[in-house]
Amino acid sequence: MDSNVLILRFRDPEETINTISSHISIINELGAVRWGWWKKDSETLTQQEAHFFHNYDLSYVYLINRDLNKLYKATLSRICDTTPSETQLQQVPDYYRESIHKIHMWFVFTKIEQLDDYSSDYDNLFAEAGNPTYLICNNNSPSPQKNRTSSRKNLVKNKLLVLSDLHFGEDFEFCLDNELHQPGQTNDTLTRTLYRDLQELKIQNDIGLLVITGDFTTKGNWSHTQKLNIIAELHNLCSKLGLEKENIIAVPGNHDILRKNESDTESDKSLIYNNVNKLSDNQFEMDFRLFVHQLNGREWDENLSYNDYYHIKNHNVDLDITILNSCKIVPYKGMSEYGCVGIEGIDTIRQLKDEVASNVQRIVFLHHHLLPVYDIEAVDRKPSLSIDSLKILKNALAKNIKVAIHGHQHMFSMAKYNLFDRGREWKERNITVIANGSTSVNKNRRINAERNSYSILSIHSDRIDILVRELMHSECSGVTLLTHTI
């Protein structure tokens with residue numbers, strides 16, 4: 001790889017748009033094209049990087065599409081950060097001319113050609129860096145460090161409390177703490193109901209982590225009041241359980257990260273415009289990112305797909321937790337609400353070490369489904385399955401992940417997925433997939449007489465015990481739905 005070279009990452013924002021062809025056609029017509037760099041808000045240029053851009057001295061940059069494993073070399077005329085004039089605007093592909101205010105920097109290219117030497121080294125470089133929109137590569141940079149593991153956080157308690165689909169707002173089944181004693185109130189709070197059930201099980205003092213697999217809110221309602229209500233409820237629950245807020249793991253759900261608004265019509269033009277705009281930056285994730293920062297202190301600009309590593313010292317067990325953001329935009333018309341973890345999620349799984357000790361347990365959490373839960377998927381609503389579910393499962397199995405837990409469709413289900421390697425010796429590998437139902441969505445959003453539920457995972461060096469409980473909205477104890485050992 002050339003020294004001090006810039007690589008810009010891109011993907012096609014919509015199935016009707018071929019990014020490279022769109023830019024090349026303008027080069028053929030006008031002799032040059034403007035390539036807009038959609039830098040994410042979470043990406044901050046260092047002083048050294050800013051100096052590199054303003055003094056870039058090579059006559060080309062590389063363009064990479066990691067989804068398609070394609071690499072291009074673009075002949076560079078100049079770099080500028082000024083808004084194009086009316087005449088210069090003709091050098092911008094029409095599908096994002098209305099979004100030029102979002103462009104951080106413009107690259108004027110006079111030629112774009114595909115290269116044949118695509119290498120996994122490029123993937124490793126981007127994966128190690130968290131899959132940014134750009135990389136500055138030079139010969140002095142260290143090689144990608146595969147199987148990197150961060151330092152482990154210490155836990156004393158070995159039980160994980162897993163909640164799914166809280167749906168605060170119009171679909172919330174419980175009442176808030178300040179509504180508890182209002183005249184005519186028949187609902188209890190989520191914290192009181194959960195804590196009462198954990199007391200019945202005599203495990204209220206044994207919870208080490210609280211995991212929520214998405215849909216904290218309903219329909220993207222991140223109003224100031226709504227956000228404070230959610231944080232107050234969850235912090236109150238943690239206080240009762242003796243947990244620090246840093247021990248809350250928050251997974252994004254499709255109601256938390258809205259990729260399509262009610263105002264987005266079904267016309268081809270609006271769907272394209274919606275996908276282009278929301279694929280280009282992370283603004284549609286910002287409300288959730290800021291919420292998580294207030295909830296557990298995680299920095300707003302960190303990746304939403306990541307690995308956390310724990311050591312449960314009283315049980316001599318290491319726990320690797322993979323969090324996947326399954327709310328990535330799918331660049332196909334009419335599919336922007338389907339589940340997808342994208343290349344960033346797959347990178348996260350692959351960053352786990354290949355070889356693990358016998359006392360290591362691995363779990364993956366996401367929001368969208370990996371296996372069906374309905375006997376028949378209704379044709380009048382979008383299927384629940386993540387479109388890259390098989391890729392997720394295969395990579396999880398390759399890294400010896402034992403359990404995958406998700407929410408989304410408010411129905412509990414547990415299944416085991418087996419994969420047999422092709423070859424002379426067929427080696428069976430399997431992963432248990434748990435659809436965790438919904439902990440607090442109201443009955444209007446639950447089907448087939450489903451009740452609210454939650455799960456407890458007890459982590460041991462040689463097994464994971466799973467307990468699933470149905471919540472009762474009264475002084476009555478909950479009901480054990482399932483116990484299972486993996």
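Salt-bridge check for Lys328 with Asp388: failed, with every basic side-chain N at 4.0 Å or more from each acidic carboxylate O. Taking 4.0 Å as the cut-off between side-chain N and carboxylate O, Arg289 and Asp301 do not count as a salt-bridged pair. Under a 4.0 Å N-O distance rule, the pair Lys313/Asp318 does not qualify as a salt bridge.
Without hydrogens or angle criteria, Glu29 side chain to Ile26 main chain gives no donor-acceptor distance under 3.5 Å. One N or O on the side chain of His235 and one on the backbone of Leu295 form a donor-acceptor pair closer than 3.5 Å. For Asp171 (side chain) and His167 (main-chain N/O), no donor-acceptor pair under 3.5 Å exists by modelled atom type. With His23 contributing its side chain and Thr19 its backbone, the two residues share a donor-acceptor pair below 3.5 Å. Tyr56 contributes a side-chain N or O that, together with a main-chain N or O of Leu6, makes up a donor-acceptor pair within less than 3.5 Å. A distance-only check finds no donor-acceptor pair linking the side chain of Glu128 to the backbone of Leu125 [under 3.5 Å]. A distance-only check finds a donor-acceptor pair linking the side chain of Ser326 to the backbone of His368 [under 3.5 Å]. Side-chain atoms of Asp215 come within 3.5 Å of backbone atoms of Asn254 as a donor-acceptor pair (strictly under, hydrogens ignored). Side-chain atoms of Lys73 do not come within 3.5 Å of backbone N or O of Gln114 as any donor-acceptor pair. At least one donor-acceptor pair under 3.5 Å links the side chain of Ser389 to the backbone N or O of Ser386.
Taking both residues in full, the closest heavy atoms of Val373 and Ala435 are given as CG1-CB, 3.7 Å, listed atom of the first, atom of the second, then distance. Closest approach of Lys157 to Leu241, counting heavy atoms only: NZ-O, 3.6 Å. Residues Gly208 and Leu243 come closest through the heavy atom pair O-CD2, 3.3 Å. When every heavy atom of Tyr417 is checked against every heavy atom of Leu390, the shortest pair comes out as OH-CD1, 3.2 Å. Taking every heavy atom of both residues into account, Ile27 and Thr110 meet most closely at CG2-O, 3.2 Å. For the residue pair Leu324 and Thr348, the shortest heavy atom distance occurs at CD2-CB, 4.3 Å.
For Trp38 and Tyr96, the gap between ring centers is short of 6.0 Å. Here the two rings, on Trp300 and His293, have centers that are 6.0 Å apart or farther.
Side-chain contact annotation: His311 with Asn154, donor-acceptor N/O pair under 3.5 Å absent. With hydrogens and angles left out, the side-chain atoms of Tyr134 and Glu43 include no donor and acceptor closer than 3.5 Å.
With sequence neighbours excluded, no residue forms a ring pair (Phe, Tyr, Trp, His ring centres under 6.0 Å) with Phe365.
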Task: Trace of the side chain to side chain contact (heavy atoms under 4.5 Å, CB included) decision for Asn247 with Cys238 - done: CA-CA 9 Å; Asn247 286 346; Cys238 285; over 6 Å; no
Task: side chain to side chain contact (heavy atoms under 4.5 Å, CB included) assessment of Glu113 paired with Lys111 - done: CA-CA 7 Å; Glu113 55 183 333; Lys111 184 179 180 180; 4.1 Å; yes
Open item on the list: Quick one, Arg9 with Tyr62, criterion side chain to side chain contact (heavy atoms under 4.5 Å, CB included). Give me CA distance, side-chain angles, the key distance, then yes/no.
Closed with: CA-CA 9 Å; Arg9 183 176 63 86; Tyr62 289 124; over 6 Å; no
TODO: Verify ring-ring contact (aromatic ring centres under 6.0 Å, His included) between Tyr122 and Phe126, making sure each step is shown before the conclusion.
DONE: CA-CA 6 Å; Tyr122 300 112; Phe126 273 90; 8.3 Å; no
- [ ] Take His408 and His369, measure what side-chain hydrogen bond (donor to acceptor under 3.5 Å, both in side chains) needs, and give me the verdict at the end.
- [x] CA-CA 7 Å; His408 191 42; His369 288 232; 5.6 Å; no
Open item on the list: Pair Asn418, Arg429 - check side chain to side chain contact (heavy atoms under 4.5 Å, CB included), show working.
Closed with: CA-CA 6 Å; Asn418 285 23; Arg429 293 171 293 157; over 6 Å; no
- [ ] Evaluate side-chain hydrogen bond (donor to acceptor under 3.5 Å, both in side chains) for Ser438 paired with His410, printing each intermediate quantity in order.
- [x] CA-CA 5 Å; Ser438 167; His410 310 161; 4.8 Å; no
TODO: Might you work through the side-chain hydrogen bond (donor to acceptor under 3.5 Å, both in side chains) test for Glu246 and Asn296, ending with a clear yes or no?
DONE: CA-CA 5 Å; Glu246 291 78 10; Asn296 63 16; over 6 Å; no
Task: Full working for side-chain hydrogen bond (donor to acceptor under 3.5 Å, both in side chains) between Asn221 and Ser223 - done: CA-CA 6 Å; Asn221 177 9; Ser223 66; 3.2 Å; yes
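Taking the side chain as every heavy atom from C-beta outward, Ile349 and Val341 never approach each other to under 4.5 Å. Asp354 places a side-chain heavy atom less than 4.5 Å from the side chain of Lys399. Residues Arg66 and Ile64 meet the side-chain proximity criterion, which asks for heavy atoms closer than 4.5 Å. Contact of the Asn158 side chain with the Val317 side chain is not registered, since no non-hydrogen atoms from C-beta on lie closer than 4.5 Å. At least one side-chain heavy atom of Leu370 sits less than 4.5 Å from a side-chain heavy atom of Leu393. Inter-residue side-chain proximity for Ile405 and Ser455 is flagged as unmet; no heavy-atom pair is nearer than 4.5 Å. You'll find the side chain of Leu419 stays beyond 4.5 Å of the side chain of Asn430, heavy atoms only. Contact check for Asp117 versus Leu71: side-chain heavy atoms found under the 4.5 Å cut-off.
For Lys245, the NZ atom is densely surrounded, since the number of other residues' heavy atoms within 6.0 Å is greater than 12.
A tilted orientation is assigned to the rings of Phe291 and Trp222, their planes being inclined by 30° to 60°. Using the six-membered ring where Trp is involved, Phe109 and Trp35 have ring planes that are tilted, between 30° and 60° apart.
Figure legend: cation-pi geometry between Arg298 and Tyr306, with NZ or CZ positioned under 6.0 Å from the six-membered ring centre and within 45° of its axis.
Tested against Arg362, the residues Leu319, Asn307, Val356 include a single side-chain contact (heavy atoms from CB on, under 4.5 Å) partner, Val356. Checking each of Thr322, Asn400, Asn395 against Leu352 for a side-chain contact (heavy atoms from CB on, under 4.5 Å) leaves exactly one that passes, namely Thr322. Under the side-chain contact (heavy atoms from CB on, under 4.5 Å) test applied with His406, the options Val433, Asp165, Asn436, Thr213 reduce to a single match, Val433.
To the nearest 0.5 Å, the span separating CD1 on Ile79 from NE2 on His54 amounts to 9.0 Å.
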Enumerate, atom names and distances included, each donor-acceptor pair closer than 3.5 Å involving a side-chain atom of residues 225-234, sequence neighbours excluded.
residue	atom	partner	partner atom	Å
Gln226	NE2	Phe168	O	3.0
Gln226	NE2	Thr217	OG1	2.9
Lys227	NZ	Gln294	OE1	3.2
Asn229	ND2	Thr225	O	3.3
Glu233	OE2	Thr191	N	2.9
Glu233	OE2	Thr191	OG1	2.7

